[in-house]
Trainee: 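Below you will find the structure I want to go over with you.
In this chain, numbering begins with 1 at the start of the sequence shown.
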Amino acid sequence: MADSTKDKHTFAIRGVVEGFFGPPWSHAARMKMIDFMGAAGYNCYIYAPKDDPFHRDRWREDYPKADAKKIACLAAECAMRGVDFCWALSPGLSIRYSSAKQFQELCAKFLALSHLGVKTFALFLDDIPEEIQHTSDKKHFPSLAAAHADLANRLLAHLEKKVPGARLWFCPTAYFGDGSSPYIATLGAQLDRKIDVFWTGPQVVSPSISAAQARAFAKALGRKPLLWDNYPVNDYNRSTLNIGPLRGRDPKLGSLLAGYFTNPMNEPFASKLPLLTIADYLKAPEKYDPEKSFRAAVRKLCGPDAAAPLELLSQYSGADVLSGAPRPVPAAALDAARGLWNQAEH
C-alpha cells in the first residue's frame, strides 16, 4: 500500500551543486558538507567548482594524483552517506565539437573519473559564448544547440558502453527562461531523452519559480528539467551572505521536475542555514514555512544565542535577494558572521 502521508509533490532527486565561480570549498569542507547533506535529506552532490582548473580551463588534463585521490575520497564518503556523487566537466570555452581527437580526450577524462568511483556524470556548457566559435564547427553544425546535442549524445553512448549504470546530465548555454528560444527547441528535438537538462528558472537568479513556468520549459524541452536553483549562491555579489530561508518556490514543483539542486555560497558553513530551509521545502513543500524553518536552522547550527544577530543579518541578505530588492550587508556584520562560521567550521 502506498504511503498516504507522503507528499505527492516531494522531490526524488534533492541535490547540492558546487557550481559557483570564485574560491572553491576546501576538501575538508566538502567532506563535512557531504555528511551534512546526508543528515539533512539531500541525496546527490555535484562536483563542479568553476575555478577548479581541471574542471573548466584545463579540462583535457588529468587531475594530479593528490587531487584524484581527494575526488575518490569524496565519492566514497558520498556512498557512505547515501548521497550520489556526480562529477561534472565544463569544456565549452575551448572544445572543438567536430574534433575527433578532442572527443577522445573528453571521453578519456570522463572514464578516468569512473575509475575513481563515479557513475553519474554531467556535461556543463553554461556561461560560454552563445555562438559557435571555431570555423571547423561552423562547417559541421547548423547551430550551437545542434553541436551540443551531438556532443552530449556521443558522450552518453560512449559512457554507456564503458561504465555500467552510467548516466549523464547536461547544463545548456541557454539555461534560464521560458524555453521559447531556438536553442532549446533544437535541444529538445535532438538530445537523447535519457539526458536530463538543467534549468535555473525564469531568470539566472529567480525570485520565484511557478508550476506554470516549469511546465512551459518542460514542454519546450520535451522532458522534465533538473532545477538548478541559484539560491543561496553569492558569487555574483561577494559583498553579501544569502542566509535567509528559501522563498518563492511553488509547492507543486516536485511533480514537474526531474530533480532539484541548490547552488550554495563560497562560504560552506554559512550555506548550511539556507540549505536546511531548502531541505525542509524539499521534504514537504506543501507544508513549508520559511520563517519557522529559518528559526529552526539557526538553533540547530548556531545555538539560541546567535538567533537575534542572524535574524537581523538575514534581513539584509537572502530574503531581499529573493524579493528582488537586495541590500548590501554592513561590512562589520559580514566580518562578524564569517568569523562565527569559520570558528564553528574548524
Trainee: Test L191 against N153 for side-chain contact (heavy atoms from CB on, under 4.5 Å), laying out the working first.
Mentor: CA-CA 6 Å; L191 189 68; N153 290 344; 3.7 Å; yes
Trainee: Which of these, W87, F103, W59, sits in a ring-ring contact (aromatic ring centres under 6.0 Å, His included) with F110?
Mentor: W87
Trainee: What pairs with F176 under ring pair (Phe, Tyr, Trp, His ring centres under 6.0 Å), at least two apart in sequence or on another chain?
Mentor: none
Trainee: How are the rings of F11 and Y281 set to each other: parallel, tilted or perpendicular (split at 30° and 60°)?
Mentor: tilted
Trainee: With S180, which residues qualify under side chain to side chain donor-acceptor pair (under 3.5 Å), at least two apart?
Mentor: D178
Trainee: Which atom names give the shortest non-hydrogen contact between C107 and L155, and what distance separates them?
Mentor: SG-CD1, 4.2 Å
Trainee: With distance as the sole test, does D57 use its side chain to make a donor-acceptor pair with the main-chain N or O of P53 at under 3.5 Å?
Mentor: no
Trainee: Please report the C-alpha distance between L246 and R249 in whole Å, then the side-chain angles of each, then the deciding distance to 0.1 Å, and finally whether the side-chain contact (heavy atoms from CB on, under 4.5 Å) criterion is met.
Mentor: CA-CA 8 Å; L246 183 70; R249 276 42 180 169; 3.7 Å; yes
Trainee: Hey, quick one: are V197 and L226 part of the same hydrophobic cluster, counting side-chain heavy atoms closer than 4.5 Å, chains of contacts allowed?
Mentor: no
Trainee: In the structure I gave you, are the side-chain heavy atoms of Y288 and K283 within less than 4.5 Å of one another anywhere?
Mentor: no
Trainee: What pairs with S208 under side chain to side chain contact (heavy atoms under 4.5 Å, CB included), at least two apart in sequence or on another chain?
Mentor: none
Trainee: Spell out, as yes or no, whether a donor-acceptor pair under 3.5 Å connects the side chain of N43 to the backbone of R14.
Mentor: yes
Trainee: Show which side-chain atoms of residues 68-79 pair as donor or acceptor with protein atoms under 3.5 Å away, not counting sequence neighbours.
Mentor:
| unit_1 | atom_1 | unit_2 | atom_2 | d |
| --- | --- | --- | --- | --- |
| E77 | OE2 | R81 | NE | 3.1 |
| E77 | OE2 | R81 | NH2 | 3.4 |

Trainee: Evaluate the criterion salt bridge (charged side-chain N to carboxylate O under 4.0 Å, His left out) for residue pair K194 and D192; output intermediate values, then yes/no.
Mentor: CA-CA 5 Å; K194 294 191 292 292; D192 191 305; 3.3 Å; yes
Trainee: State, with a plain yes or no, whether a side-chain heavy atom of L301 is found less than 4.5 Å away from one of L273.
Mentor: yes
Trainee: Sequence neighbours left out, what passes side chain to side chain donor-acceptor pair (under 3.5 Å) with K139? Give chain and number order.
Mentor: none
Trainee: Going by heavy atoms in the side chains, are E18 and P24 under 4.5 Å from each other?
Mentor: yes
Trainee: Evaluate L123 against I195 for side-chain contact (heavy atoms from CB on, under 4.5 Å), listing each step before the verdict.
Mentor: CA-CA 10 Å; L123 178 63; I195 302 175; over 6 Å; no
Trainee: Report yes if the side chains of L257 and K224 come closer than 4.5 Å at any heavy-atom pair, otherwise no.
Mentor: no
Trainee: Please report the closest heavy-atom contact between I128 and G92, naming both atoms and the distance.
Mentor: CG2-C, 3.8 Å
Trainee: Taking all atoms of both residues into account, what is the closest heavy-atom pair of A88 and H55, and its distance?
Mentor: O-ND1, 2.7 Å
Trainee: Does the pair I278 and L282 meet the rule for a side-chain contact (heavy atoms from CB on, under 4.5 Å), with working shown?
Mentor: CA-CA 6 Å; I278 292 168; L282 295 175; 3.9 Å; yes
Trainee: Quick check: does any side chain N or O of S114 sit under 3.5 Å from a backbone N or O of L111, one acting as donor and the other as acceptor?
Mentor: yes
Trainee: Please tabulate, for side-chain N and O atoms in residues 213-222, each donor-acceptor pair with protein atoms closer than 3.5 Å (sequence neighbours left out).
Mentor:
| unit_1 | atom_1 | unit_2 | atom_2 | d |
| --- | --- | --- | --- | --- |
| Q213 | OE1 | S210 | N | 2.8 |
| Q213 | OE1 | S210 | OG | 3.3 |

Trainee: Return yes if some donor-acceptor pair links the side-chain N/O of D229 with the main-chain N/O of F261 below 3.5 Å, else return no.
Mentor: no
Trainee: For T262 and Y231, indicate whether the former's side chain and the latter's backbone hold a donor-acceptor pair under 3.5 Å.
Mentor: yes
Trainee: Name each donor-acceptor pair under 3.5 Å that joins a side chain in residues 164-174 to protein atoms two or more places apart or in another chain, with its distance.
Mentor:
| unit_1 | atom_1 | unit_2 | atom_2 | d |
| --- | --- | --- | --- | --- |
| R167 | NE | T120 | OG1 | 3.2 |
| R167 | NH2 | D84 | OD2 | 2.8 |
| T173 | OG1 | L125 | O | 2.8 |

Trainee: Can F85 be reached from L275 by stepping across I, L, V, M, F, W or Y side chains whose heavy atoms are under 4.5 Å apart?
Mentor: yes
Trainee: Main chain of F294, side chain of D289: is a donor-acceptor contact present, judged purely on distance under 3.5 Å?
Mentor: no
Trainee: Under a 4.5 Å cut-off applied to non-hydrogen side-chain atoms, are N242 and M265 in contact?
Mentor: yes
Trainee: Tell me every residue that passes side chain to side chain contact (heavy atoms under 4.5 Å, CB included) with K300, counting only those two or more places apart in sequence or in another chain.
Mentor: L276
Trainee: Could you report the tightest heavy-atom contact between P245 and P290, atom names first, then the distance?
Mentor: CB-O, 3.4 Å
Trainee: When you check the gap from the basic side-chain N to the acidic O, do K292 and D280 get nearer than 4.0 Å?
Mentor: no
Trainee: With sequence neighbours excluded, tell me which residues meet side chain to side chain donor-acceptor pair (under 3.5 Å) with W25.
Mentor: none
Trainee: Under 4.5 Å between side-chain heavy atoms, hopping through other hydrophobics if needed: is there a path connecting Y42 to V233?
Mentor: yes
Trainee: With a 4.5 Å cut-off on side-chain heavy atoms, are L144 and E131 touching?
Mentor: no
Trainee: Answer yes if the side chains of Y183 and H148 hold a donor-acceptor pair under 3.5 Å, and no otherwise.
Mentor: yes
Trainee: Do L106 and L89 have side chains that approach each other closer than 4.5 Å (heavy atoms only, starting at C-beta)?
Mentor: yes
Trainee: Could you go through residues 198-207 and list every donor-acceptor pair under 3.5 Å that involves a side-chain atom there, pairing it with any protein atom two or more places apart or in another chain?
Mentor:
| unit_1 | atom_1 | unit_2 | atom_2 | d |
| --- | --- | --- | --- | --- |
| W199 | NE1 | G177 | O | 3.0 |
| W199 | NE1 | G201 | O | 3.0 |
| T200 | OG1 | Y175 | O | 3.4 |
| T200 | OG1 | Q203 | O | 2.9 |
| S206 | OG | T200 | O | 3.0 |
| S206 | OG | Q203 | N | 3.0 |
| S206 | OG | Q203 | O | 2.9 |

Trainee: Assess, by modelled atom type and distance only, whether the side chains of N234 and E267 contain a donor and an acceptor separated by less than 3.5 Å.
Mentor: yes
Trainee: Among Ile, Leu, Val, Met, Phe, Trp and Tyr joined by side-chain contacts under 4.5 Å, find the other residues sharing a cluster with F21 and list them by chain and number.
Mentor: none
Trainee: Do V16 and I243 land in one hydrophobic cluster if side-chain heavy atoms of ILVMFWY residues count as linked below 4.5 Å?
Mentor: yes
Trainee: Any side-chain heavy atom of V17 sitting closer than 4.5 Å to one from Y45?
Mentor: no
Trainee: Less than 4.0 angstrom from a charged side-chain N to a carboxylate O is my criterion; do K50 and D126 meet it?
Mentor: yes
Trainee: Test of understanding: with ring pair (Phe, Tyr, Trp, His ring centres under 6.0 Å), list the residues that count as partners of F54, not counting sequence neighbours.
Mentor: Y63
Trainee: Go through the side-chain N and O atoms of N230 and Y236 and say whether any donor and acceptor fall under 3.5 Å apart.
Mentor: no
Trainee: For a quick test of reading the model, state the closest non-hydrogen atom pair linking P268 to M33 and the distance between them.
Mentor: O-CE, 3.3 Å
Trainee: Determine, for D150 against R154, whether the closest basic-nitrogen to carboxylate-oxygen distance falls under 4.0 angstrom.
Mentor: yes
Trainee: Could you walk me through whether E105 and K109 pass the salt bridge (charged side-chain N to carboxylate O under 4.0 Å, His left out) test, one step at a time?
Mentor: CA-CA 6 Å; E105 292 170 334; K109 187 68 172 277; over 6 Å; no
Trainee: Taking all atoms of both residues into account, what is the closest heavy-atom pair of T186 and S143, and its distance?
Mentor: CG2-OG, 4.2 Å
Trainee: If hydrophobic clusters are built by linking Ile, Leu, Val, Met, Phe, Trp and Tyr wherever their side-chain heavy atoms come under 4.5 Å apart, do L187 and Y97 end up in the same one?
Mentor: yes
